[in-house]
Each structure stands twice: as structure tokens, then as C-alpha cells.
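For reference, the structure is listed below as C-alpha cells.
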There are 2 protein chains.
Amino acid sequence: MDKTHSSGGRPVPTVADVAAAAGVSTATVSRCLNSPTVVSEKTLKRVMEAVERLGYSPNFSARALASNRTNMVGAIIPTMENAIFARGLQAFQEELQRHGRTLLVASSSYRLDLEEQQIKTLSARGADALLLIGYQRDARIYDYLEKRDIPVVLTWASRPDSGLLSVGFDNRKAMKQLADMVIQEGYTAIGCISAETGTNDRARDRVEGIRAAMRDAHLDPGTLQLIETTYSIENGEAAFAQLMSGAAQPEVVMCGNDVLAIGALKGAASLGLRVPEDVAITGFDDIELAQVAPYPLTTVHVPHRRMGQLAARVLVETLDGLEPPSVELPVEICRRQTL
Amino acid sequence: MDKTHSSGGRPVPTVADVAAAAGVSTATVSRCLNSPTVVSEKTLKRVMEAVERLGYSPNFSARALASNRTNMVGAIIPTMENAIFARGLQAFQEELQRHGRTLLVASSSYRLDLEEQQIKTLSARGADALLLIGYQRDARIYDYLEKRDIPVVLTWASRPDSGLLSVGFDNRKAMKQLADMVIQEGYTAIGCISAETGTNDRARDRVEGIRAAMRDAHLDPGTLQLIETTYSIENGEAAFAQLMSGAAQPEVVMCGNDVLAIGALKGAASLGLRVPEDVAITGFDDIELAQVAPYPLTTVHVPHRRMGQLAARVLVETLDGLEPPSVELPVEICRRQTL
DNA sequence: TTGTATGCGTTATCAG
DNA sequence: CTGATAACGCATACAA
């Protein structure tokens, strides 16, 4: 009927309203908002005043449809309840915000099938780019994303030679470094409490790091006593009890993350074992819990905040047409009282 | 030029492609996807097969523009780094996901001005509804949201009589309950470490709860030794040291949350004070840290997960046209070793 | 039950 | 530098 239906109520002005108020065309209004440099000083001012006066703000969906960009970036993480992901995600979000992007969140509960589903959901929801944890997933997922031209950054892991963009660290190398230190101290009977290694590449690489250190020290990696469980303090405690009730009690229990290690610490206390005199315990991540625990935990410090921040930066640069390189972040062994 | 430009490349099929493939109109395709009950069994099947075969997935922006709904719900929280918010947000997200909605996240760093900005950002980004923390904010913000018809749920607080929808708990009542217990134990010299009460309604209400308990017990609320600081273990430790170095050393230090309380606990250890013999300490929230601390912390348990889940449910119901009531969740005093 | 035609609010192309 | 106007992809009255 009538294109300029700017009659009646005030609710939610459109470009047409602004154009009418400023006495220009909608095209000019759009230009003022998107490429202010290309319009004359005078009209720019007039238009911006109208924008201000009407309280205009561009309709997100329409803009997205016309420009084919949403300025939303998705992140799919196992769970925010793990402090390390919450921390990284917070930094990621702050950096996105700084660059005018908004964060879209989904969680996978450490399940690859759910992750795939979420990847599809978030891309269908218009995410311009995606942050993913780890590298283990079906190749067709990467195809899917590439076909849709959705850039991805892998975090919490490092895959320099995979052709995939990543901002993370080398889990295997980090854990090997810690295991080297443990072995150097004279420990030979090693136990390990890990997340499921079948579906969690970070967990698998960490265990592999321990085995590598054992090999280097001419210890039989087959003697590593490994228990796989789900991340939680309770499970860590139970796994620890199980390890210590076996025939060959380990002298040191290396845990896949700090949460499991805290559980192990509790387990030791229940069994009346002194740490580190009777049994040494190590963690991974260096969360706050690690420093406040009854015995400050020997662990691997991971720069989660920096990782999240850099991941955002790298993604934004990619969206801006650049080709930033992957970055491998250094980790640091934190030797405290439990070793 | 040509409406059915389904020529050439495969990338990203549209309704038109599906319609052509299935030999129906675009309207029918749309109906198959949105109201399957209204189309014939036969064509439905044929269309869905075409959808499957082409790997079609509706364009988010176009759908949002046409239907005026994004199916995205926003949440603005102080920070995900605080475990309580991460936990609540995780539950919120899971429940949204279950209802086909996606979570949009922004953070305010406990600053009201930033929060206002984020509220505008997320509504401009098309959030269908919003989760906010606490109730203290400029009235015009509520107007703004109401005018835009964006439902809001307030959490971490309870405002039954404000006309605003909330899913939370009564901070004042909760802290008063804890303070009642403290006073009942015979403590009269009370210290308090809190977040800034000027811009944080939860913090203010908690302190008010302590004062109310003192009044009830005929103690002068003016004798409450209050220190306001930012949430962190370090700040808790520093504030504790400051309290204990004053003229009138408190017999009990009630902290605004568990993080500050852990700091106080560390402070006590540094000063060589025994807990609770020399000084009692209490927290608020009941995060994991509270149970694993050197001395298990007496604190107030808040059902964060349930709060997040219910908040999502209430928001979804509102979007579905219902008018769910606010809910006030019960909290529970957790008496442990520090009192 | 299905098809036709139009609107949704912007951006972008192409003249002027 | 500015103004018409055609996409953008889908939903939905309205008609058949």
C-alpha cells in the first residue's frame, strides 16, 4: 500500500521515520550509520540529530538479512560450571564486546554428539564465527562450517599443523613437563585420575604426556594406573580411594584437572594419608580452589583469560578479512605443597 | 530479475529451492516447517525429504525479520567468573535450549551504567526476553523494555510486590536468619565484609539483614563494623586484617559472600587466629570452595541452579503468552565449622 | 489443503 | 554526495 507508513504510534522508529524527520532518503540514513565518512558533514549532523531525537536503533534482523552478518559470535563449551571455561568465556565475551560483537552460548556437556548439534544450531542462528573447545570432532563438521563460510577458532588445545585456526596450549607437552618433574623427584609408581579419554582430546593428551615422560625415564608406561571418570570432587575422591585400595598403591596420583585433584586430596584426608609424605598429588589448570585447598596444590597454570581474549581477537580479525596465525600459549608448572 | 534464482552453486539452499525440489510453493514449505499439522500427510513427507536432501535450514535473519521473533534470550550478569553466576547461567542456558531458545550473554562488571548499555545492546540485537540480576536500576530502563515489549525476569532477589517478574530469594531475610543464629550463639561484636552497598542491592540487603537481627536482639546496629570492598579472595583477606587491627576487634566476621569469607579465613590463618575459637567467620552462597576450604564454611546455601532453570521457564512461558507468577526460593543455613 | 502476493527494515547497486 | 529501487529469505493474510 503505502511504503512510508510512518503514521500513528511512536513505538520503534525505522529508517523511514528518521529519513522523513531529517528530510533525506533512507539510503542516506543508512550511509550515515554505516559509512559516515562518505556523507556530507551537514547532512550527517542533521541525520544523527534525528536519530537521537527519535531514539532510533536499527532493526537487528533486517540489518542481518540485508548485510548477511549478525555480529554475533558463538561459543560452544562443555559447561560453564567448570571455572576454567567460565573464566575463558568471560574474557572472550569482554573482548567481543569491545569489538561490537555479541556472544552466543551453547553447552555440550562434554558430549560430541551434543556439540555437533549445537554447532548446527548456532550457525543456523546466524553466528558469524564460532569458538570450539579441543579439536576432536568429525571431519564433516569442519566441512559444514567451511561451506557456510563460518570461521572457527579451536581453544584449549593447539593444532599448529592442522590447517585449523587455534589459540591454545599443548596439553601433552604441559602434562609431560609436570610428569618429568614428578619422576625426577624419584616417584615411579604413578596413578592417574582422568576424564574419559575416548571423547576428550585434552584429557587424552594429558595422559599421553604422562606416558611419554615415563618412556623417557625408562619406566614402563603400562604400569600407569589409570582411572577415568567424570569431573567432580566426589568422583575424584572415589577414584582416589579405588587407586589406593589396589594391589600396587601409587606413590603419586596425577589428576587430569584441579577438581579431581581436590577430590583426591579429600580422599587422602579420609584415608588418613599425609600429603605429600604418604602420597603426592598433582592437578591441572590452577583454579582458585587449587591455592585455597587445605594443601596448596601442585598444578599446571593455564592462562585461561588470555586464551579467551586472544581467541576473540583472532576471530574478529578473521571476520575483518585478515588471516591471523594460530597461537600456542605457554603454560607454567606451579609447584606447591602437594608434591 | 528472477525470483527463482536457484541456479548454479549448491551453497545455502532457500525455501525456493526446497519448494522447487518438492514441487510445491514456498508457502507450503514454510507451513511444513512451522505448522506441520495444517498440511497434508503426503506433501509434508515430500517436503521434508527435500529439506533433508538439500540440507536446508531456514535463514535465521529472514525468519526473525518476518516473524518478529529471534528465539534468543539475553542474560546480563556481573561476571561469569563468579561461580554462582556461572552456575545459574548454565542452568538457565540448558533450560532455554530445551525450549528451542538460544542464550545471548553480556556482562556488566557490577556497574549499573554498563548494565544499562548492555540492556540496550541486547534488545537492539533482538533478544526476545531478558534475565537481569537484582532490582536496582533506573525506572526508565523498565519503561524502555516495556515499550519494546521485552519481558524481563529479575533474579538473585525477590520483589513480589513490585509488579516485576522475579525468580529469586530474599537476601535480607536470608542474612538475618544467619545473623540471628550468630547472635543466639552469644556473639555481640560483629564485623562485616561486604561488596559495595551503594550499587549492589543484594549486598545492601544482606547487610540490612544483619542490622535487623541486631535490632531484634537489642544490639546497637551502629556498632556493626562494616568494610565494603570488591569481591575477591585478596580483598577479603585485606579487609579482615583491617577489621582485626581496629580498636574493637569483632568476635565474628560475617561476609557478603563465600569468596570474601575464604579471604577472611586466609587472613585469620596469617594472623595466627584460630577459627572459630578466636574469631568466627560466615559466608554466603555455598559455593564449592566453601566446603573444601581449610575450615568448612558456615554459610547460606542458595539454590542457584534451580533459580536459573526456573527463570528460563518463567521467561519462556511469558513469551508463550502466559503470565507465570514470581517465585521466591527458600534458602538454607549451612552450619559448618567456622561458627 | 495449497498457491499467490506482499510486507518485514536494511543494505547495496546504480543512476543522477 | 544523494536518491530511487531492487534484493535479502521467510511468514502470512487472502484467495482459490
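Chain identifiers are assigned alphabetically (A, B, ...) following the order of the sequence lines, protein sequences preceding nucleic acid strands; residue numbering begins at 1 within each chain.
In this structure, the nucleotide among C/dT1, D/dC1, D/dC8 sitting nearest to the side chain of A/Leu65 is D/dC8. Here C/dT11 is the nucleotide among C/dT11, C/dT10, D/dC10 with the atom lying nearest to any side-chain atom of A/Ser67. For B/Thr43, taking side-chain heavy atoms from C-beta onward, the closest of the listed nucleotides C/dG9, C/dT2, C/dA5 is C/dT2. Closest to the side chain of A/Ala27, from the set C/dA12, C/dT11, C/dT1, is C/dA12. Considering only the side chain of A/Thr28, D/dT2 comes nearest among C/dC8, D/dT2, D/dC8. The side chain of B/Asn34 sits closest to D/dA11 out of C/dT10, C/dT2, D/dA11.
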What donor-acceptor contacts under 3.5 angstrom involve side-chain atoms of residues 43-50 of chain B, with partners at least two apart or in another chain?
unit_1  : atom_1 : unit_2  : atom_2 : d
B/Thr43 : OG1    : B/Ser40 : O      : 3.1
B/Thr43 : OG1    : B/Ser40 : OG     : 3.0
B/Arg46 : NH1    : B/Ala22 : O      : 2.5

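Atom P of nucleotide D/dG9 and atom CZ of A/Arg63 are separated by 18 Å, given to the nearest angstrom. Atom NZ of B/Lys45 and atom C1' of C/dT1 are 18 Å apart (whole Å). Taking atom OH of residue B/Tyr56 and atom C1' of nucleotide D/dG9, one finds them 7 Å apart after rounding to whole Å. Residue A/Asn68 contributes atom CG, which lies 14 Å from atom C1' of D/dC10 at whole-angstrom precision. One interatomic measurement links the two molecules: CG of A/Asp17 to C1' of C/dG9, which rounds to 11 Å at whole-angstrom precision. Between the CG atom of B/Leu33 and the C1' atom of D/dG9 there is a distance of 13 Å, rounded to whole Å. Between the C1' atom of D/dG9 and the CZ atom of A/Phe60 lies a distance of 15 Å, rounded to the nearest Å.
No side-chain donor-acceptor contact under 3.5 Å links B/Arg159 and B/Ser166. Of the N and O atoms on the side chains of A/Arg148 and A/Ser123, not one donor lies less than 3.5 Å from an acceptor on the other residue. Residues B/Gln90 and A/Ser107 have side chains that bring a donor and an acceptor to within less than 3.5 angstrom of each other.
Of the two residues near DNA chain C, B/Ala62 and A/Thr26, the one whose nearest nucleotide lies more 5' is B/Ala62. A residue-by-residue look at B/Arg31 and B/Pro58 shows that B/Pro58 has its nearest nucleotide of DNA chain D further toward the 5' end.
Contact annotation: B/Ser40 side-chain N/O to C/dT2 OP1/OP2 distance is under 4.0 Å. Using a 4.0 Å cut-off, some side-chain N or O of A/Ser30 falls inside it from OP1 or OP2 of C/dT11. An OP1 or OP2 oxygen of C/dT10 is reached within less than 4.0 angstrom by no side-chain nitrogen or oxygen of A/Asn59. Close to C/dG9, at under 4.0 Å from its OP1 or OP2, lies no side-chain N or O of A/Thr14.
The main-chain N or O of A/Arg111 is never found under 3.5 Å from a side-chain atom of A/Ser109 such that the two would form a donor-acceptor pair.
Residue A/Val29 is out of contact with every strand shown, counting any heavy-atom pair closer than 4.0 Å.
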